[in-house]
Amino acid sequence: MSSRLLSFVGRTGRRRLMSTAIKLTTVEVNDKTGIATLTMCRPPVNGQNLELLLDIKSSINEIKNNNSRGLIITSASPKVFSAGLDILEMYKPDQQRLRAVWTELQNVWCDLYGISVPTAAAINGHAPAGGCLLATACEYRVMVPNCIIGLNETQLGIIAPKWLVSGYLNILPKRVAERALTQGRLFTTDEALQEGLIDEIANSKEEAVDKCVAFIGTFAKVNPVARALTKQQFRADNLRQFHKEREQDVDDFLSLVNRPEVQKGIGIYLEGLKKKANKQ
Amino acid sequence: MSSRLLSFVGRTGRRRLMSTAIKLTTVEVNDKTGIATLTMCRPPVNGQNLELLLDIKSSINEIKNNNSRGLIITSASPKVFSAGLDILEMYKPDQQRLRAVWTELQNVWCDLYGISVPTAAAINGHAPAGGCLLATACEYRVMVPNCIIGLNETQLGIIAPKWLVSGYLNILPKRVAERALTQGRLFTTDEALQEGLIDEIANSKEEAVDKCVAFIGTFAKVNPVARALTKQQFRADNLRQFHKEREQDVDDFLSLVNRPEVQKGIGIYLEGLKKKANKQ
Amino acid sequence: MSSRLLSFVGRTGRRRLMSTAIKLTTVEVNDKTGIATLTMCRPPVNGQNLELLLDIKSSINEIKNNNSRGLIITSASPKVFSAGLDILEMYKPDQQRLRAVWTELQNVWCDLYGISVPTAAAINGHAPAGGCLLATACEYRVMVPNCIIGLNETQLGIIAPKWLVSGYLNILPKRVAERALTQGRLFTTDEALQEGLIDEIANSKEEAVDKCVAFIGTFAKVNPVARALTKQQFRADNLRQFHKEREQDVDDFLSLVNRPEVQKGIGIYLEGLKKKANKQ
């Protein structure tokens, strides 16, 4: 499979926000198919800190502008697609940075949700919370066996924002979605297939990517302008609602995270992680 | 199973509307699980007259305020969960009382639909119309075999109000819901399970309650505040719409019930019931 | 089966728009059942030109006013229910006529979608695009084997308007609908049954009509006024949205069709048809 690397383009405007100049995503465009693959590369679990979110956003926009015929999102980690928001961003946070983190999570969602080309997620590992966000913003989902996916925010003491739920409801029946959201349910690969949260199971990352390529191939004979307008019309209401509420949503998120009991909960959680690490 | 009775609390404000001081509902909170069971006790069929509706409302609010971890609604009647609105309330009605009846039906729905704790219906008998209203306002439904459930308003010459339909649509696919609503379809227990209108079948009331307890138990490790906010966010649009339209909805209901042809229909129906009773 | 013809009523107001006085639809009301059958008769494929659309609209309104107990729509062609908008209406169009075509397509949809009596489509052949529009505006769909149905607009370089999509979403789950709309997917009869896009399969047109009659018969014991109010309440939001956007939608359609690349595409398509015809 011949391909060319299109990453490492100039991104001057955001440098001052980054602690490192190493890009945390790559974009590869396949010469034959014209399909771009966006790979997240922040070991070990693609925790979504500010830098990773900025790089995902930048890669989505790169794909928007390079005439790709489709977008596949996947992970360089062997067992995790993305573990979601980096919890360190939420602990004793610098308020301005925390605001930027949530704003960029919003940007990543609305850019991926609204992009006109066909999108598919090759979910080659676990995809809780923010991992599920990326997968459900796409039009198609292929997942490897024995992993979990879902919006488990209530298990962490926070809530999935309304815009994210609106995307969940594009995929799951309402009664399944409400129960899963209140329970913070993580679906196994098999359960996700049964409920329609994913579309296919693949035995490896390579096979998952191939199935995503095949899905994007179903649009080969479709007029791309008509396709884009149809997708955008379908998703317009959710996006309009999102833009109306996005500022309030940032304020709500900050106010929730800054609650003493939430901070305490995160502290205990991180302490637990440290102890685990020391034992090994 | 140890439990304590919490009913018979003071309800001064509504006494003047009641024809009797005997409470038509009971609330029991299980000491171990912290789950409250609300039982309707208006023999023979829990016909929803003004007094029963006021007592259901009062019991829901009691549970809201007594730190219960969940709410289970069920019936003291052996074969009927609730037969819905008491038809006598609609025949040659006192206008002010009829207005109060519909207003309290609205209150019962929005209080039960919007309560933050997990809710489940142990449907131990038939649940047409207003019985189905109570069940579908909950988050989970367990039903005994060989009973019927559904919004059969059109069979009675009236219509299910929009707010009630909005709750139906949280559960049923649109095409199933529209057909069922226009037909006034009553689902058997088996049909209800197949379409998703109920979640489980239980062989007895006791087993139904146990399954409701198990459902509420799935939230044991979930942060209750995050759970409550998630549920409320999910149901907010329907509740907002309801509050906007509730006054108009009362007027519409009164105007429909007062139509001569509807009054005539109810009269014929009641005459039929009387003849049946005399034959026995 | 006794029946009386009710067509050929006066339609003075629209004569000036018609190129022919021969009516392209018939309406038959069955004396026993009181059900009206609207048959499209524009050989070979019921291509929806201005005249056919005006006649469908006129027939729907005739049925609205003749006290029929239900409406069944079907086709006189042996293999095609309706092939959708007549492509000749879109090629090098007279702007005023093109505006009238799209306006009448809107009228046909909203009149059929909003009519108070029960409606069913006996889909006795292929039903792409505008054919699917007619079928999905009804409450019930019965289809013969080995045909196709769906909104394949993106395959033709145009897009299904929002009001049409709103009706599609009354029937299909969102994730199925979005994919089908972007792909311009045509479902086979079997696929349509599996996804819920149709309700039953029939082996012949006669059997399809019989099944539609049986569906309408399920309302025999339902109060027709309550049924009508329930249907209208269910469909009111979509119709309200439609009326808000219908003028803009005409402008959008004209602007799309008049694009040079769309005109070129239609020209190539028509050239292909001509060559095919010459070869035979």
Side-chain angles (χ1 to χ4, degrees), chain B residues 90 128-129 150-187 191 194-196 237-238 240-242 244-245 248-249 252-253 255-266 268-269, chain C residues 69-71 113-121 135-142 165-177 192-200 212 214-240:
Chain B
M90 294 193 274
L151 296 178
N152 59 325
E153 275 75 356
T154 58
Q155 299 258 8
L156 313 170
I158 58 173
I159 65 168
K162 208 176 158 186
W163 44 271
L164 177 50
V165 169
S166 77
Y168 219 40
L169 284 169
N170 276 9
I171 299 166
L172 290 176
K174 275 190 180 179
R175 75 187 180 95
V176 175
E178 185 184 40
R179 199 163 304 151
L181 287 165
T182 48
Q183 292 176 327
R185 178 177 177 190
L186 290 168
F187 299 79
E191 291 167 347
Q194 202 188 325
E195 300 287 8
D237 283 348
N238 286 352
R240 200 176 305 123
Q241 197 63 25
F242 161 73
K244 247 171 69 183
E245 295 169 358
Q248 182 61 49
D249 180 55
D252 290 350
F253 175 72
S255 144
L256 185 66
V257 169
N258 284 314
R259 282 190 193 186
E261 72 274 22
V262 173
Q263 283 299 311
K264 198 182 154 190
I266 298 175
I268 292 166
Y269 179 79
Chain C
R69 286 192 37 220
L71 180 160
Y113 186 74
I115 195 171
S116 59
V117 294
T119 50
T136 53
C138 293
E139 298 170 46
Y140 202 74
R141 280 154 293 282
V142 185
V165 169
S166 77
Y168 219 40
L169 283 169
N170 276 9
I171 299 166
L172 290 176
K174 276 190 179 179
R175 75 187 180 94
V176 176
L193 184 70
Q194 202 188 325
E195 299 287 8
L197 184 52
I198 63 166
D199 299 292
E200 287 192 77
C212 289
F215 167 70
I216 293 172
T218 64
F219 296 103
K221 290 179 183 172
V222 171
N223 179 299
V225 174
R227 202 206 90 88
L229 290 172
T230 298
K231 175 176 177 178
Q232 279 157 9
Q233 177 182 265
F234 200 91
R235 300 188 170 204
D237 284 347
N238 286 352
L239 285 168
R240 201 174 305 124

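Chain identifiers are assigned alphabetically (A, B, ...) following the order of the sequence lines, protein sequences preceding nucleic acid strands; residue numbering begins at 1 within each chain.
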Can you tell me how far CD of B:Glu178 sits from CD1 of C:Ile171, rounded to the nearest 0.5 angstrom?
-> 8.5 Å
So do the side chains of B:Arg259 and C:Val225 get within less than 4.5 Å of each other, counting heavy atoms only?
-> yes
Toward chain B: residues of residues 192-200 of chain C with heavy atoms under 4.5 Å | C:Gly196, C:Asp199
Let me know if C:Val222 has heavy atoms under 4.5 Å from chain B in its side chain, its backbone, both or neither.
-> both
Could you give the distance from CD (B:Glu261) to CG (C:Asn223), rounded to the nearest 0.5 Å?
-> 8.0 Å
Determine the minimum heavy-atom distance between C:Glu139 and B:Arg179, stating which atoms define it.
-> O-NH2, 3.1 Å
Starting at CD of B:Glu153, measure out to OG1 of C:Thr230 and round the result to the nearest 0.5 Å.
-> 8.0 Å
Any residues in residues 156-166 of chain B near chain C, with a heavy-atom distance under 4.5 Å, and which are they?
-> B:Gly157, B:Ile158, B:Ile159, B:Ala160, B:Pro161, B:Lys162, B:Val165
Test item: B:Gln183 and C:Phe215 side chains (from C-beta on) under 4.5 Å apart, heavy atoms | yes
